[in-house]
Amino acid sequence: MSFWMSALGTVPPRAPLSGDDDADVVIVGAGYTGLWTAYYLAKADPALRIVVLEAETAGFGASGRNGGWCSALFPKSVPALARTHGLPAALALNAAMESTVDEVGRVAAAEGIDCDYAKGGTVVLARSAVQLERARHEVAEAQELGIDLRLLSSEEAFERVGATDVLGGTYTPHCAAIQPAKLVRGLAAAVERLGVRIYEGTPVSSITAGRADTPHGTVRAPIVVRATEGFTPRLPGMRRAIAPVYSLMIATEPLPASFWASAGLAHRETFSDHRHLIIYGQRTADDRLAFGGRGAPYHFGSAVAPSFDASPRVFAELRRVLVELFPALGSFEVAHAWGGPLGIARDWMASVGLDPVTGLAWAGGYVGDGVGTSNLAGRTLADLIMKVDSPLVGLPWVGHRSPRWEPEPLRWLGVNTSLRVMTGADASESRTGRPSRRAALMARVLGG
């Protein structure tokens, strides 16, 4: 169980489905995507009969386990989107993501969801000359496009995040630190107040036009929404739709004021650095450091299992990196460790859509940036379902269809090779002081 969920204590589960049912919209998955969709639909038309089916409990998946970054990050960068969809469309999606950060805060306040929302922005540190050059290039590119990204001097970066070897960094205001389990659980309660029915302990065995089948009964509805993200490969015919890749996290015990006096994060900025293998952290509302990163392997056949949520090797590496960043943490305990799968589409492109012929709708492929993106997905799905011709339904990710992943063993080889390349690239840059050509090639292959 994640630190976030454990902090909520024991929450009684909701009842499972108890027989066949009918609805106007049935949503499969009670994570952020499913619940945001239910929320905006119920707000748009309180008379809609909306049913949400969840295999475990609300927020069981990535929604209750993530790093707590409600950010404007989208899997595809603005330049990459511009190459395929044009610059105006790319900038429109970026603007929609930026406003989404505020929208999540607005709804949390309106619904009385105390999710520890703090919009302190994100600092991405540069801790080597190679990383600093990447930061400068990123800021120059952003400024050319009119995107709000600042280059920080070494002094400015260190003042915000007092880590070791800080040479500079980048800063964007478009991110809020949250307690993700509080948000997803609060959202579930909010949609129930609006009349939405949530059935937990109800795994969906198949999704077809007009119905969602479970061991407890079938829910029939003209609109069926798939909101299953990293668990999508468990559905029939979806094994190659999404690659479930694991991200793991640790959290310290509460840290004293003496630590924060030097570590910074006074505004609860989320933080990372410009290495290739992703790391991410935040200062929690109760003064812990919650810190995570990639590094766990992809499992053959897109397998998802509880045993994959923990990796002593990855947990030890996360602690090593965290102490490298903040040496004072060497004397403090890691109080929690957990993990879970996120969803990656073959072309690294999140998507949202509705097939008007079948009534099948979907959203996902967030590549770990789903806290904010799922809210935009929920608003977009609501507009698509309600046939509202809003600016959201014209964004370039709407209706996108990613290609399927390669069959095994090619999928296993490809995903894990990319992981090894990025790990090796960081080691190579640290050793040589030169940018990794292999990482640059891999970035082009992934379309970032």
Flag the pair [X] and [Y] as a salt bridge only when some basic side-chain nitrogen lies within less than 4.0 angstrom of an acidic carboxylate oxygen.
| X | Y | value |
| --- | --- | --- |
| R65 | D309 | yes |
| R320 | E324 | yes |
| D116 | R268 | no |
| E269 | K119 | no |

Checking [Y] against [X]: is there a side-chain donor and acceptor pair closer than 3.5 Å?
| X | Y | value |
| --- | --- | --- |
| T122 | T172 | no |
| H174 | D102 | no |
| E229 | Y32 | no |

Item to complete: Let me know which of D24, V26, L354, I50 forms a side chain to side chain contact (heavy atoms under 4.5 Å, CB included) with I223.
Response: L354
Discussion item. I385 and side chain to side chain contact (heavy atoms under 4.5 Å, CB included): which single residue from V25, L48, D45 fits?
Written reply: V25
Worksheet item: Does atom CD of E159 have more than 12 heavy-atom neighbours from other groups under 6.0 Å away?
Response: no
Do the side chain of [X] and the main chain of [Y] share a donor and acceptor less than 3.5 angstrom apart?
| X | Y | value |
| --- | --- | --- |
| T170 | R150 | no |
| W405 | S302 | no |
| S272 | I279 | yes |
| N94 | A90 | no |

Discussion item. I need the full list of salt bridge (charged side-chain N to carboxylate O under 4.0 Å, His left out) pairs touching residues 374-391, with sequence neighbours left out, sorted by first then second residue.
Written reply: none
Item to complete: Kindly compute the distance separating CE (M386) from CG (L381), expressed to the nearest 0.5 Å.
Response: 13.0 Å
Item to complete: For the residue pair F271 and Q282, establish whether any side-chain heavy-atom pair is separated by less than 4.5 Å.
Response: no
Worksheet entry | Beyond-backbone contact of E138 with L149, side-chain heavy atoms, under 4.5 angstrom | yes
Practice prompt. Find out whether the Lys NZ or Arg CZ of R14 is both under 6.0 angstrom from the six-membered ring centre of Y199 and within 45° of the ring's axis.
Written response: no
